[in-house]
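Working notes, structure below.
Just so you know, ligand 1 is whichever comes first in the structure, and atom 1 is the first atom listed for that ligand. Here the structure is a predicted model, which is why all the values come from computation and not from measurement. Index from 1, following the sequence.
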Amino acid sequence: MKTVGPWRTGPMLAVLLQFLLPALRASSTWSQNEPRLQLSYTEMRSRNSSAVFWQGGSSGGYQTLLLDEDRGWLLLGGRDHVYMLQSESLNQPMRKIHWPAGREHTERCRHAGKNLSTDCANFVKLLQPFNKTHVYVCGTGAYHPQCTYIDLGHSIEEPAFTLLSHAVESGRGKCPFSPHESFTARLTDGDLYAGTSVDFMGNNAAIFRTSVHSSSQHYIRTEAYHDHWLNEPEFVDSYSIPDTHSLDDDKVYFFFKETAVESNQLDKRIYSRVARVCKNDIGGKRSLINRWSTFLKARLVCSVVGPGGMDTHFDELEDIFLLETKDPQNPVIYGVFSTSSSIFRGSAVCVYSMASIRAAFNGPFAHKEGPDYRWVEYKGRIPYPRPGTCPSETYDPLHKSTRDFPDDVVSFMRGHQLMWEPVVPIHRRPVFTHVNVPYRLKKLVVDRVEAEDGQYDVLHLGTDDGKVLKVVSIPKENLETEEIILEELNVFQSPILSMELSTKRQVLFVSSDKEVAQLPLQRCELYGKACADCCLARDPYCAWNGTTCSSYFPSNKRRARRQDVRYGDPWSQCQDLGDGFEDIELRMIYAVESNSTFLECMPRSPQATTKWVMQQSHTQTTRELLPGEDNVIHTRRGLLLQHITSLDAGLYLCTTHERLFSRTLARYELRVITEPHALASRPATNHASSPLSLKELNLIGVSGLTADEYCEQLWYREKRKQQKLRALKWKQVSENRKARVRRQNPPYELLQ
Ligand SMILES: *[C@@H]1O[C@H](CO)[C@@H](O)[C@H](O)[C@H]1NC(C)=O
Ligand SMILES: *[C@@H]1O[C@H](CO)[C@@H](O)[C@H](O)[C@H]1NC(C)=O
Ligand SMILES: *[C@@H]1O[C@H](CO)[C@@H](O)[C@H](O)[C@H]1NC(C)=O
Ligand SMILES: *[C@@H]1O[C@H](CO)[C@@H](O)[C@H](O)[C@H]1NC(C)=O
Ligand SMILES: CC(=O)N[C@H]1CO[C@H](CO)[C@@H](O)[C@@H]1O
């Protein structure tokens, strides 16, 4: 879409609209629920967010994290440096290694027109465990990639943490030249599997296997410059996953996006892919020498069905998380995707089973044929052994290695890398969609959490504007899911580049270019001080323990812990639901006729709706104040009454409603003063609430402000005043408490 000339605008627009309209239409029906808890950038840095920030290194470029759960280390790769932090707390002393690029490479990089500070340095892109004592590390080396080992030693307390500078080797095929290139690599059994480019310009990208432990220069790769192998790929992730009980069947899976050869569109379309190779692939004998002879790829689909039956695709893979299960052959694959469109912004999370991925690779091949040379399902003869099968002596003694494959298998592999069937997500739809927001989801980790009523996969999502979202997707009866955004944390002001989850320490590490943050997985106490708040939040990490909302451990005594993730029903969980009302005192408000006043009532959760009920003094009739009535404006923070008349005098009750639960938040008695001087002679009141002063009343009714600005002003004024009064009132409230009748049945009796 970037390169469209004006002459193509017509058809382009048509294509675009055809693609976009169902999505836009659908988006209005998607629930864009508000996060239960939202912490701003400043709040995140206040003490009660319990986040720890690390800016200890000045190098920046923190793209790479490696967590060692057992030894409590967090390795961090930056510009010209590797840091060793303590995963217990980032505040503890750190160690660092300085590993710059060679001077001649820095010079050459600069002469080639690259930027000294953002390009021509050694950006550490890879940190992979090698053996018990060593970590394999690669950096871009000012467009001259290099790799070596870091020796951690045997001691946990006194780690060696030294770079083996004598063992530095070329990083070609292991690490990209550019620090900005998306890249993946996985070290397994002494071999490094990498998706990277091997040239200065980044044009020659491939999936490589290079040997790390031997000095051999041997490598194997995808064919260069053949767009049906790989077409402008952007690599995302890679994993080694066993396929059967036989080691011979072990495969490495790659996740990436690329320009789709098969899409047949006027414009370039990006598709997401999963590809795989056999670990024991050593290439062909007469053909495909040093090339994969088992490389296959399939499209990874993440889409929602629009109202017209047309799918909206989230085509651009951003990140993959592999959730391990008891069965090593069948981890659960989580992917986060975004839309390709620059107009319609949206992201989605889809979940794939290994079974569906294997099904695609065992299904039909795709093939380009026919007079119009289109991609179709291949229906011809498939040679034996089936292309993509790993050679295994037990399976067929004639095929000990890929070099023993018959010629027809090898030549079939040359022309058939793409599978016909795509991989579809579990339940054929995303578990989470997030559209029409000004940011994209970029990173994801998933935590499988034991809750009182079952297991939940909690998603921690990093955005391109520095937020971390915590989301839980709750299955409902009809295969639908309910998506709840539990938290939105504004951690950084720049994109999240990397995330690591420590289940052992129950923290999440996230990095941006300049900083690293350590975030506890829960902030239960911020959901509220009542059992109902805790329960309504539906956070699998949190439960009501009788006194506070605090983190839930399944091992705790069951009865004492109150949690209901599935339904979030306080009636079933919380005993003392009168808690809200007992402390709600009746506040007296005076207003001058024909002026305005504001009654504050702020719901404790953004997911709650507010209702106002009023009992008129004159008539004693009770009615609900509906939005759209003449002189009332409902705002998120309360009720604005304009052009007050004596008919507005009376009792006002604010209740909030969330699913089946409702509670009272505020009660007011509004008295209307017809003559301002009456204020002076007004008899002293015993009431806790003090009336507005004449000066304050003068401020009300100001014109020239928008309703919002006006409310904002009133709200802050009211808030300041309330804070002053609170201390005083509290004393009175406790004195009056005994005398107060406890009401059980809201709402109308509560008005007195
Ligand atoms: C954090 O604590 C401060 C004072 O200790 C308080 O004013 C603020 O409301 C708290 N923030 C949250 C989100 O609870
Ligand atoms: C290099 O990049 C930095 C940061 O983007 C910028 O401030 C600087 O001007 C650039 N230098 C050159 C020589 O382009
Ligand atoms: C780990 O690998 C390094 C680098 O090859 C080697 O020097 C070291 O002896 C190995 N350590 C163990 C425990 O195998
Ligand atoms: C509930 O949790 C809080 C905070 O963790 C703790 O202070 C309190 O003692 C706990 N109460 C009970 C009854 O366990
Ligand atoms: C007593 C009081 O505040 N009166 C004000 C009501 O509003 C008008 C303007 O709308 C002001 O002029 C009054 O002073």
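- In the vicinity of Asn115, heavy-atom distances shorter than 4.0 Å reach the ligand 2 atoms 1 (C), 2 (O), 3 (C), 8 (C), 10 (C), 11 (N), 12 (C), 14 (O).
- Residues satisfying the disulfide bond (SG atoms under 2.5 Å apart) criterion with Cys147, sequence neighbours excluded, are Cys138.
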Which pairs of N or O atoms, one from ligand 4 and one from the protein, are separated by less than 3.5 Å, and what is the distance for each pair?
from: ligand 4; atom 1: 2 (O); to: Asn545; atom 2: ND2; distance (Å): 2.3
from: ligand 4; atom 1: 2 (O); to: Thr548; atom 2: OG1; distance (Å): 3.1
from: ligand 4; atom 1: 11 (N); to: Asn545; atom 2: ND2; distance (Å): 2.9
from: ligand 4; atom 1: 11 (N); to: Thr547; atom 2: OG1; distance (Å): 3.0
from: ligand 4; atom 1: 14 (O); to: Asn545; atom 2: ND2; distance (Å): 3.4

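- Between the side chains of Asn490 and Arg45, no donor-acceptor pair is found at a separation under 3.5 Å.
- Partner of Cys549 under the disulfide bond (SG atoms under 2.5 Å apart) criterion, out of Cys524, Cys534, Cys531: Cys534 alone.
- Judged purely by distance below 3.5 Å, without hydrogens or angles, the side chains of Lys279 and Thr188 pair a donor atom with an acceptor atom.
- The part of His134 lying near ligand 3 is the side chain, judged by heavy-atom distances below 4.0 Å.
- The pair Glu488-Arg36 does not meet the salt-bridge criterion, since no charged nitrogen lies less than 4.0 angstrom from a carboxylate oxygen.
- Between the side chains of Ser494 and Lys514, not a single donor N or O lies within less than 3.5 Å of an accepting N or O.
- Taking any N or O of His154, backbone or side chain, none lies under 3.5 Å from an N or O belonging to ligand 3.
- Considering backbone and side-chain N/O of Tyr149, none are found under 3.5 Å from N/O of ligand 3.
- Within ligand 3, the atoms closer than 4.0 Å to a non-hydrogen atom of Asn131 are 1 (C), 2 (O), 3 (C), 8 (C), 10 (C), 11 (N), 12 (C), 14 (O), numbered from 1 in the order shown.
- Annotation: His154, atom NE2; neighbour count of heavy atoms from other residues, nucleotides and ligands within 6.0 Å does not exceed 12.
- With ligand atoms numbered from 1 in the order given, ligand 3 contributes 2 (O), 5 (O) to contacts under 4.0 Å with heavy atoms of Phe130.
- With no hydrogens or angles considered, no side-chain donor-acceptor pair links Ser347 and Arg440 at under 3.5 Å.
- Electrostatic pairing of Glu69 and Arg505 counts as a salt bridge here, judged by a charged N lying under 4.0 Å from a carboxylate O.
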